[in-house]
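Here's the structure, in structure tokens; my notes come after.
Chain letters run A, B, ... following the sequence lines, proteins first and then strands; every chain starts at 1. Bear in mind the structure is a predicted one, so any value in this text is a computation, not a measurement.
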Number of protein chains: 2
Amino acid sequence: MNRSKKKVIQIAAAKLFRDRGYAATSMRDLAEAVHLKASSLYNHISGKEEILKDICFETSQRFLEALEEVEKKDISYSEKIRHLIQLHIQTAMTDVTSITAFNDEWRHLSEPHLSTFKTIRKEYENRFRDIIQQGMDNHQIRNGDPTIILYTILSSVRWLYDWYRPDRVLTSSELEDSIINILMSGIAK
Amino acid sequence: MNRSKKKVIQIAAAKLFRDRGYAATSMRDLAEAVHLKASSLYNHISGKEEILKDICFETSQRFLEALEEVEKKDISYSEKIRHLIQLHIQTAMTDVTSITAFNDEWRHLSEPHLSTFKTIRKEYENRFRDIIQQGMDNHQIRNGDPTIILYTILSSVRWLYDWYRPDRVLTSSELEDSIINILMSGIAK
DNA sequence: CCTACCGATCGGTAGG
DNA sequence: CCTACCGATCGGTAGG
């Protein structure tokens, strides 16, 4: 019944899912992480999959909201793309653990959640791709296959959770600038 | 005892590991995929982890050999980086299933394999990073944090296994050119 | 290569 | 929130 306890469980679960993966994390592992017995978890959640489902949909919600915000802004298309890259990096850095479940563990969802998740994800990608396409139409982005550009951007930002730990020397804005610079202008001189 | 049967098992396992993950793949799933009973698998392999270990180390071996070849070439540093990106894409496209285990499932290895794998991987990254650093020293690559550049390149190429299926309209060399172009010259006009 | 089976562990429930 | 326990499934072995 306690709302915050559910959140504590979710955060502990996200950490375990990142470190071992969803399938390799047992309810007993999770219970131990929050100092409970496995059976007591069920006072706060309905089952293992509910946690994964919540993590996946809450994270996708945050990405969609960020996208919506960028879409509404009255700026150039290349500025919109810069903003989206920046938002991805910031999201990945402030909630590094949930991102992993969102990226890699969603496939363990069962129906109907799996289909819903895929649909949301596809919609996000389509709207991001539209911005890239419009950037090309308006001669702000170099011509090319917008799908390849889309996935190259998304992938570049995906590795962050694998590497970034909050005690890093490198500041967040230095990292953002570097990655945006590579994607927008390339590494060649 | 049959060598090719072991290979058949390994290929089927790589496919299952990609689709469901290592932990969520049971020996019974694997047995069914190669038309055997679970117990019969043990005539060809010593256990579940051996398959994962073989996939991980064989794949890392292929990447190291490709790196070595590029290092020896008498070409500019930016050409070496182009070559490495190309080799990653080609490897990912010719053996799309093993790459997933290599990328995402190695963490399920137990010691001492886990440490060995991490060491090999780190060495690969260090040598790739050296080429980037030398590219900067020789004014062929824009100045920046070589680690960020390294991971941005590796990540860009990592998503391929998630997306590419061999029946694609897009040819391999078109894909290579596009990704190399994005990374070397950027997407901005 | 199979049948038969092992102990361990899984997600989850009953009942208090 | 716990103890006690469920049936199912896990990786793997014995023996033929």
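A salt bridge is defined here as a Lys NZ or Arg NE, NH1 or NH2 lying under 4.0 Å from an Asp or Glu carboxylate O, and B/R20 with B/D29 meets this definition. Residues B/E123 and B/R127 are paired through a salt bridge, judged by an N-O separation under 4.0 Å between the basic side chain and the carboxylate.
Atom pair A/Y42:OH and C/dA14:P shows a separation of 13 Å (rounding to whole Å applied). When the P atom of C/dC2 is taken as reference, atom CG of B/N43 falls 9 Å away, rounded to whole Å. As a whole-Å value, the separation of B/H35 NE2 from C/dC2 C1' is 17 Å. Distance A/E32 CD to D/dC2 P: 12 Å, rounded to the nearest Å. As rounded to whole Å, 13 Å separates atom P of C/dC1 from atom CG of B/L30. Distance A/M27 CE to D/dT9 P: 18 Å, rounded to the nearest Å. One interatomic measurement links the two molecules: CG of A/L52 to C1' of C/dG11, which rounds to 15 Å at whole-angstrom precision. Atom NZ of B/K37 and atom P of D/dG15 are 22 Å apart (whole Å).
Between B/F63 and B/F128, the distance from one ring center to the other does not fall under 6.0 angstrom. Ring centroids of B/H88 and B/Y124 are separated by less than 6.0 Å, placing the two rings close together. In summary, the aromatic rings of A/F117 and A/H108 are positioned with their centroids too far apart to meet the 6.0 Å limit.
Taking the six-membered ring where tryptophan is involved, the planes of A/Y151 and B/W159 are essentially parallel, since the angle between them stays under 30° and well short of 60°.
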> So what's the dot-bracket for DNA chain C: Watson-Crick or G-U pairs under 3.5 Å, [ ] if a pair crosses, | if it pairs off-strand?
Replying inline: ||||||||||||||||

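Note on B/L36: only backbone sugar-phosphate atoms sit closer than 4.0 angstrom, heavy atoms only; bases stay farther off. The residue B/T25 sits close only to the backbone: its heavy atoms come under 4.0 Å of sugar-phosphate atoms, none of a base.
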>> I'd like to know whether A/D95 forms a side chain to side chain donor-acceptor pair (under 3.5 Å) with A/S98, so could you lay out the CA-CA distance, the side-chain angles of the two residues, the decisive distance to 0.1 Å, and finally the verdict.
In response: CA-CA 6 Å; A/D95 189 6; A/S98 296; 2.9 Å; yes

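When the side-chain nitrogen and oxygen atoms of A/S40 are compared with OP1 and OP2 of D/dC2, one or more of them lie within a distance under 4.0 Å. Within the 4.0 Å cut-off from OP1 or OP2 of D/dT9, not a single side-chain nitrogen or oxygen of B/S26 is found. Contact annotation: B/K48 reaches the phosphate of D/dG11 (side-chain N/O to OP1 or OP2, under 4.0 Å).
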